[in-house]
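Read the structure below first, then the notes.
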Amino acid sequence: MITKESPIGVIDSGIGGFSVARKVQKLMPHENLLYLGDGANTPYGNHSAEEILTMTRYMLRFMEDHGVKALLVACNTISCLIDQYRDEMSCPVLSVVQAGADAVAQLPAHKVGVISTCFTASTHCYPDLIGKVAPDKQVISHGCPNLANLVERNVGNPAGQAAIDDDLRENLEQLVNEEKVECCVLGCTHYPLVEENINRLYPQLKLVDPAEQMARTVGRYLEEKGLVNDQPGQGKLDIFTTGSTEEYTMKAAKVGLDPVTSVQFYPPMKL
Ligand code: DGL
């Protein structure tokens, strides 16, 4: 049975969803969170749509079995395919791409850049969804072939920062200095984890992290349904990964997740 104490589920191909989980922890500190990252199969952006759907269904079952009261799809790549699996869950399923589009709609900017995985860019889901909620915007979408993977591997590793910076320059130079976008959506949840790198390289560029909008949307839903967790203490965060629990423990701390109640292994699905 779903109660106020039931956790909010968060899924991602890897550690990218930490950027959403930490925002929820900040805005709704009393909520319990249950995180699943498919560390064994990340990055999803390099798989076919069929494989992504199969791996997503595996994660949905996990969340359904744990009775989450809402599910945050904290992966843009998975969110692009949301219409094909939303009805399989008994709780509401929120898309981070929709959150990004809703965040853009509130901005005065006219020319909007979006960086994402190549898969997300190939589906046109950002231009399509922004077009629905803010038809006056011009959207320039750019796929980054390797950035999510680089961030996944190098969070908390000082020696990996130069490679991340080089990749960011390669992917942002044209959007910033030729297209002159007025803001840029971080259309992959891994990218806010290197927001400091982007701010250092492009201090004038306004960044849009869909996580805040996503946290607000789920907060509104919980209020409407009387499902806000009103426990006095801080909520739990239980992290499951199909990859290395040691790495997840270290990276969760590096990106500022606090508290982390447990980090546990969950067997990966075999493709
Ligand atoms: N964090 C995921 C996203 O937002 C990364 C996708 C991937 O694994 O390719 O798209």
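Ligands are counted one by one from 1 in listed order, and the atoms in each one are counted from 1 as well.
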I want to check something: taking the side chain as every heavy atom from C-beta on, are [X] and [Y] in contact at a cut-off of under 4.5 Å?
X      : Y      : answer
His47  : Met55  : yes
Ile11  : Leu71  : yes
Leu237 : Leu257 : yes

Crowding at CD, Glu196 (>12 non-hydrogen neighbours, <6.0 Å): no
Atoms in ligand 1 with a heavy atom of Gly45 nearer than 4.0 Å: 7 (C), 8 (O), 9 (O)
Atom indices of ligand 1, in the order listed, that fall short of 4.0 Å to a heavy atom of Asp12: 1 (N), 2 (C)
Pro43 N/O under 3.5 Å from ligand 1 N/O: no
Atom 7 (C) of ligand 1: the protein heavy-atom neighbour that sits closest, reported with distance to 0.1 Å: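 For atom 7 (C) of ligand 1, the nearest protein heavy atom comes out as Tyr44 N, 3.2 Å.
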Nearest protein heavy atom with distance in Å, relative to atom 6 (C) of ligand 1: Thr77 OG1, 3.2 Å
Contact list for residues 124-141, test side-chain hydrogen bond (donor to acceptor under 3.5 Å, both in side chains), sequence neighbours left out: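 Counting only pairs at least two positions apart or across chains, the side-chain hydrogen bond (donor to acceptor under 3.5 Å, both in side chains) contacts touching residues 124-141 are Asn76-Tyr126.
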Whether Cys75 lies under 4.0 Å from ligand 1, heavy atom: yes
From the candidates Val97, Asp38, Asn76, the one that places a heavy atom nearest atom 3 (C) of ligand 1: Asn76
Proximity of Ser13 to ligand 1 by residue part, where a heavy atom lies under 4.0 Å: side chain
Val218-Val73 co-clustered via ILVMFWY side chain contacts under 4.5 Å: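 They do not share one cluster, since no chain of ILVMFWY contacts under 4.5 Å joins Val218 to Val73.
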